[in-house]
Amino acid sequence: MERYDPKPIEAKWQRVWEDERTFNVPTEPGPDVQHHYQLEMLPYPSGVLHMGHVLNYTLGDVITWFRRRNGWVVLRPMGYDSFGLPAENAAIAAGGHPREIVERNIETIRSQMKKLGWAIDWERELSTHDPAFYRWTQWLFLRFFEAGLAYRKEAPVNWCPNDRTVLADSQVIDGHCERCGALVEAKSLEQWFFKITAYADELLEYDLPPGGSWPERTKTIQRNFIGRSEGAEILFRVEELDQDIPVFTTRPDTLFGATFFVLAPEHPLVAKLVAGTPHEEETLAYVRKTAAAGADERAQADREKTGVETGRFATNPVNGERIPIWVADYVLMEYGTGAIMAVPGHDDRDREFAEKFGLPIRLVIDEDERLVNSDRFDGQPAADAKRAIVEWLGEQGRGASAVSFRLRDWSWSRQRYWGCPIPIVYCDDCGVVPVPDDQLPVLLPDIDDYKPKGTAPLATATDWVRTPCPRCGREGRREVDTMDTFVDSAWYFLRYVDPHDETAPFQREHVDHWLPVTEYIGGIDHATGHLLYSRFFVKVLNELGLVGFREPFGRVFHQGWVQMGGSKMSKSKGNVAGPDALVAEHGADAVRLYILFMGPADQDMEWTDSGLEGMSRFVRRLWRTVNEVADRPVESGGKANDQSPLRKKAHETIARVTDDIDRRFQFNTPIAAVMELVNEINRDGHDPASRFAAETAVSLIQPYAPHLAAELWERLGHERVWQEPWPEADQALLERDTFELVVQVNGKVRDRFDVSASLSEDELVARATASPKVQAQLNGKQIRKTIVVPRKLVNIVAS
RNA sequence: GCGGGUGUGGCGGAACUGGCAGACGCGCCGGGUUUAGGACCCGGUGGGCUCAGGCCCUUGGAGGUUCAAGUCCUCUCACCCGCACCA
């Protein structure tokens, strides 16, 4: 028998799949066909594939093969998230135009993917930097713009001084740039936003299709990020200026405990409050100082509180009390109304401030959670008082229930070159004018110097910038910011359905057929970014009548990190291992098997080369075992209905593997189960069931090791294993006629022996007590109780 | 601080609804085969005692529920992740 050599075998079958278009599915598969949309997050071609990708896509691949063999039509596309900072920074580091770098990386990734034998419909491949794709990104932006959901405003934004661009909240990690690690600064700039806050409440609901589920962890991260708080908005009055200032509070029950009032330094009324007063100079100096401090510095919750008194007073609507107004940077303009009523008796931050500045502290709720010092509300439970006080304020026209969110609108314009151009023209007469649909795409021009400089590099493409206003025809200027890559990835999964349509981003009937995505696999690091933005996009597209569903992804799964040397793979740590050398040495099948065998797919795992060698040994053992069986005459295979232990073992393995993949979504244990079966075949190669067992092992391992399985199946005298229906376990053969009875005395195992499965409970107890080992333990003791677990054990309680 | 998660042999892990803890693999030990190494094959491998038949201990730690706990409950420790001056 020849040695197992994966290279020619894998090349052979990859060619067959490509020639026969095995993985291509029709966009309209016809009615009554069970369909499954299998998607994994598309790679950034800022580099090439590493083992984390191998895990992600192999996982999706096993599901794809498994579903196909169970009779489903599976759409399984692939593409490249090729615009954006990661790719652009890679290009700057490597020296070269981003397009060249990205397209070179795409070539490499495609060939890596093909070598791994992933069942991808290559006719649907897309790249987000391709004008044929981004034309529709622009088209979708225009629909958002028309709906008033894309708008420009000047706002404090996160500014990365190194990448010289604005970042979204989700791209700021611990006050640092997600991409380069630089300390992020606060800057006030006019930027493009999507009105995601209008969907805050809806994003808290998961309107999933049947079979859909999201990890609790992910939903929690999104819930925290959205940060919904219920409370009340209450008007405080500044008598001298005849001005109401609203505050948001979650604790209206503590209103009688408000002893001072605080405005954020950026609050628009600060200047007016102090104008012409002795406090003006000091207050404005404080505001300037705060503005100069970094966002990171200000976010330090544990730093000492600062603030200045304005000399003005606000009137508490509930008791007419005049309390001093302060300005302090622990109050944030972005949250609530930018102003708070300070209740130092019941809020740690307010107490800290009051203690530092000698302000009064008043308790208004006692240990029994009842109101005190609160006039006519005294004695009420705090929960009731919340409602009662808001109701009273409502009657006076001084307050109402309100909900506040932590979520802010999604800032997505970037002062960078490598991104989708925003199809907008600025005209001195007409203002902000959208580029008409029939002039799309607005092509990204080639420029000489695309490196970040703080202003958009596209501004240097003067011929491109200067353009007639689409409305009046006089000279206008193109928008020179570009879109963040998250805009591209917020809808790419829709384009896969109609990737070549030149008339629309997608056809509604097609996306309605395939989506929501049945199974979506990717890193949890996208919980507050891509996964939230995509949900927002789909909700808007649904309301615009472009899609018939309200959630993009049915079932979401996060693979763990593949680590090396105890830390997550990253280019900066230099511990990125790619699949190429491993595939060359051990074959794709061994690599695929090992990456899933390492442990539960949703847990982090440590890559070891010795583990892969072990898997390589298993693959060779399987090769040898099956070849030996194949070489023997078929007649030795025995009758189909024989009851040999090996045949039963094979059926048990079918049941285990199927249940693990289908119901338990567990991918490491099926491999162990097949290993057990192969070990069992090897124990007696001449067992009459060995041919059936070998066929079963090959069939079950096929989603993991499709090349090897195809080859071995052929050697067993059959044709195409991937076209075989998934094997079914024979229930009759899963029933054992004997089982090993475990006998416990007082909960400790004392004996075990085979018994007939037909014995009654009394007979089992009789057999158990008759055991000499049990007798030795009982020795003079009285049996108090016996417990029988059918087909498992007998526990004798004695004392 | 708030929210979520994870702790099982030397290592990765298995044990699904409470019912034999350690499947499967790595590593290691012994043997076979081989000119040698590798590969391959067979056997062993949680710890401790041992009159060699067994006995005791063991799932981060301490309690509890139960005939029975890795699994359920209470407390606690360690590590990881998300949010964090969010009123």
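Below, read A as the first sequence line, B as the second, and so on, with proteins coming before strands; counting in each chain starts at 1. Remember, predicted model here, so these are calculated numbers, not experimental data.
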Under 3.5 Å, is there a donor-acceptor pair between the [X] and [Y] side chains?
X: A/T290; Y: A/D329; result: no
X: A/E628; Y: A/T625; result: no
X: A/Y594; Y: A/T608; result: yes

Between [options], which one does the side chain of [X] approach most closely?
X: A/T669; options: B/A14, B/G25, B/G19; answer: B/A14
X: A/R617; options: B/G27, B/C20, B/C85; answer: B/G27
X: A/F597; options: B/C57, B/G12, B/C16; answer: B/G12
X: A/I787; options: B/C41, B/A21, B/G19; answer: B/G19
X: A/R217; options: B/C20, B/G4, B/A87; answer: B/G4
X: A/D329; options: B/G4, B/C85, B/C56; answer: B/C85
X: A/L332; options: B/A87, B/C20, B/C57; answer: B/A87
X: A/R750; options: B/G13, B/C56, B/A87; answer: B/C56
X: A/S610; options: B/C41, B/G27, B/C24; answer: B/G27
X: A/Y330; options: B/C85, B/C26, B/C20; answer: B/C85

Tell me the interatomic distance from [X], atom [atom1], to [N], atom [atom2], rounded to whole angstroms.
X: A/N668; N: B/C11; atom1: CG; atom2: P; result: 18 Å
X: A/L793; N: B/A15; atom1: CG; atom2: P; result: 19 Å
X: A/K785; N: B/C67; atom1: NZ; atom2: P; result: 5 Å
X: A/N627; N: B/C40; atom1: CG; atom2: P; result: 16 Å
X: A/D525; N: B/C80; atom1: CG; atom2: C1'; result: 15 Å
X: A/W561; N: B/G5; atom1: CH2; atom2: C1'; result: 16 Å
X: A/Y4; N: B/A39; atom1: OH; atom2: C1'; result: 16 Å
X: A/N224; N: B/C81; atom1: CG; atom2: C1'; result: 12 Å

#### Entry: Toward the 5' end of RNA chain B, by each residue's nearest nucleotide, A/T249 or A/I796
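With A/I796 and A/T249 compared, the 5'-side residue is A/I796.
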### Nearest-nucleotide comparison on RNA chain B, the residue closer to the 5′ end among A/E613 and A/A339
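This one resolves to A/E613.
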Using only side-chain N and O atoms of [X], determine if any of them is under 4.0 Å from OP1 or OP2 of [N].
X: A/K649; N: B/A23; result: no
X: A/T786; N: B/C67; result: no
X: A/K773; N: B/G54; result: yes
X: A/R791; N: B/C20; result: no
X: A/R664; N: B/A15; result: yes
X: A/R223; N: B/G4; result: no
X: A/R656; N: B/A23; result: no
X: A/Q666; N: B/A23; result: no

Can you find an N or O donor on one side and an acceptor on the other, under 3.5 Å apart, linking the side chain of [X] with the base of [N]?
X: A/N795; N: B/C67; result: yes
X: A/R620; N: B/C40; result: no
X: A/K305; N: B/C85; result: yes

Considering only atom [atom1], compute the distance from [N] to [M] and round it to an integer number of Å.
N: B/G18; M: B/C67; atom1: C1'; value: 12 Å
N: B/A21; M: B/G46; atom1: C1'; value: 10 Å
N: B/A14; M: B/A23; atom1: C1'; value: 5 Å
N: B/U58; M: B/G47; atom1: P; value: 16 Å
N: B/G13; M: B/U59; atom1: C1'; value: 13 Å
N: B/G70; M: B/G60; atom1: P; value: 10 Å
N: B/U8; M: B/U71; atom1: C1'; value: 12 Å
N: B/C81; M: B/C42; atom1: P; value: 44 Å

### Message
If we check side chain to side chain contact (heavy atoms under 4.5 Å, CB included) with A/Y4, which of these qualifies: A/N627, A/I9, A/L622?
### Response
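Exactly one pass, corresponding to A/I9.
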### Query
Under 30°, 30 to 60°, or over 60°: which ring-plane class applies to A/F486 and A/H526, parallel, tilted or perpendicular?
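A/F486 vs A/H526 ring planes: perpendicular.
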Under 4.0 Å, heavy atoms only, any strand: does [X] hit a base, just the sugar-phosphate, or nothing?
X: A/E740; answer: base
X: A/R784; answer: nothing
X: A/G227; answer: nothing
X: A/R752; answer: base
X: A/N679; answer: sugar-phosphate
X: A/I221; answer: sugar-phosphate

### Query
Which one of A/T249, A/T254, A/D253 satisfies the side-chain hydrogen bond (donor to acceptor under 3.5 Å, both in side chains) criterion with A/R251?
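Testing A/R251 for a side-chain hydrogen bond (donor to acceptor under 3.5 Å, both in side chains) against A/T249, A/T254, A/D253 leaves exactly one candidate, A/D253.
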### Query
Do A/L203 and A/F225 touch side chain to side chain, with heavy atoms closer than 4.5 Å?
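Sidechains of A/F225 and A/L203: no contact.
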Is [N] paired to anything, Watson-Crick or G-U wobble with both distances less than 3.5 Å, and if yes, which nucleotide?
N: B/A14; result: none
N: B/U74; result: B/A62
N: B/C40; result: B/G32
N: B/U45; result: B/G27
N: B/C79; result: B/G5

### Query
Ring centroid separation for A/F260 and A/F353, is it under 6.0 angstrom?
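Yes, close enough.
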### Query
For the rings on A/W410 and A/Y533, is their centre-to-centre separation under 6.0 Å?
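Between A/Y533 and A/W410, which both carry aromatic rings, the centre distance is below 6.0 Å.
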### A/K356 NZ: over 12 foreign heavy atoms closer than 6.0 Å
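For A/K356, atom NZ is crowded (more than 12 foreign heavy atoms under 6.0 Å).
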### Task
Taking syn as within 90° of 0 and anti otherwise, name the glycosidic form of B/G43.
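Here the answer is anti: the torsion falls beyond 90° from 0.
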